*Asks:* 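Below is one structure. I have some questions about it.
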Amino acid sequence: MKIPETFFSIDEEIYLFGISCIFGIVIGIFYDVFRTARILFPHNTVLVVIEDVIFMALYAVFLSSFSTVFARGELRFYYVIGNGIGFIFYFFTLGSVIIGAMKKIYSFIRKIFSVILSPVRSVYVKLQEKEHNFVTSSKNTVKTNKKKSFLLLNTTALLYNNKENKKRKNVNGIGKQK
């Protein structure tokens, strides 16, 4: 009866550490997808936190899959360290170059679109000004009409024209034109 090995040799552990460092670079590339999305679509801090939680959940799935496929299901802390070293190496070397290039490409495309859409924007601004002037003038017209209707009170409904009020003196001729 042959008993399977329950431990890794030093050569196997070094191999697994090297594989985990290489997979750390792959994880860095995957993280650049999130960073590129943040460049293209600016996020508030809540969305950034949600994206980071999603990334960490996917990393947890990756780490368990890595230990299942490559390490007979044994999870060791040096896998995480290897992933971290590969990720940091990628992040500060090639990752910063790629993100810098993405920012430049995005700003270039944005400038091109702003040049192409500048006539449309100027027409839109002029239409907004005309709409603002129209709304302002219509509001002024409504205010003026309300003021006119307030000034033109019904003289028969006024208190001093009330015929039943006999106690007041010298109010019969007020409000009549001469």
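Position 1 is the first residue of the sequence, and the numbers go up from there. Note that the structure is predicted; figures quoted are calculated from it, not measured. Side chains included, hydrogens not; waters and symmetry mates left out as well; all remaining heavy atoms used.
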*Asks:* Which label fits F17 and Y78: parallel for a plane angle under 30°, tilted from 30 to 60°, or perpendicular past 60°?
*Replies:*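 Rings of F17 and Y78: tilted, as their planes differ by 30° to 60°.
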
*Asks:* Where do V26 and Y90 land on the side chain to side chain contact (heavy atoms under 4.5 Å, CB included) test, with the steps shown first?
*Replies:* CA-CA 9 Å; V26 173; Y90 172 79; over 6 Å; no

*Asks:* CD1 of I109 to NZ of K104: how many Å apart, nearest 0.5 Å?
*Replies:*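 Interatomic distance, I109 CD1 to K104 NZ, rounded to 0.5 Å: 14.5 Å.
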
*Asks:* Looking at Y106, I'd like to know if its OH atom is crowded, meaning that more than 12 non-hydrogen atoms belonging to other residues, nucleotides or ligands lie closer than 6.0 Å.
*Replies:*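 Atom OH in Y106 is packed in, count exceeds 12.
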
*Asks:* Heavy-atom distance under 4.5 Å between the side chains of R38 and V48, does that happen here?
*Replies:*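 R38 vs V48: side chains touch.
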
*Asks:* Taking the six-membered ring for Trp, are F30 and F55 parallel (under 30°), tilted (30 to 60°) or perpendicular (over 60°)?
*Replies:*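 Parallel: the ring planes of F30 and F55 meet at under 30°.
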
*Asks:* Angle between ring planes, Y31 versus F87, binned at 30° and 60°: parallel, tilted or perpendicular?
*Replies:*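 Ring orientation of Y31 relative to F87: perpendicular.
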
*Asks:* Would a 4.5 Å heavy-atom cut-off, applied to side chains only, mark I19 and F66 as touching?
*Replies:*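 Counting from C-beta outward, I19 and F66 do come under 4.5 Å.
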
*Asks:* I'd like to know if the side chain of E12 reaches the main chain of S9, judged simply by a donor and an acceptor atom lying under 3.5 Å from each other, with no hydrogens or angles considered.
*Replies:*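 Yes: the side chain of E12 pairs with the backbone of S9.
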
*Asks:* Is it true that atom CG of L40 has more than 12 heavy atoms of other residues, nucleotides or ligands lying nearer than 6.0 Å?
*Replies:*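 Counting other residues, nucleotides and ligands, CG of L40 exceeds 12 neighbours.
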
*Asks:* Is N83 reaching over with its side chain to a backbone N or O of G86, donor-acceptor style, under 3.5 angstrom?
*Replies:*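 A pair under 3.5 Å: no.
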
*Asks:* Less than 4.5 Å apart, any side-chain heavy atom of F62 and any of F23?
*Replies:*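 With C-beta onward as the side chain, the pair touches.
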
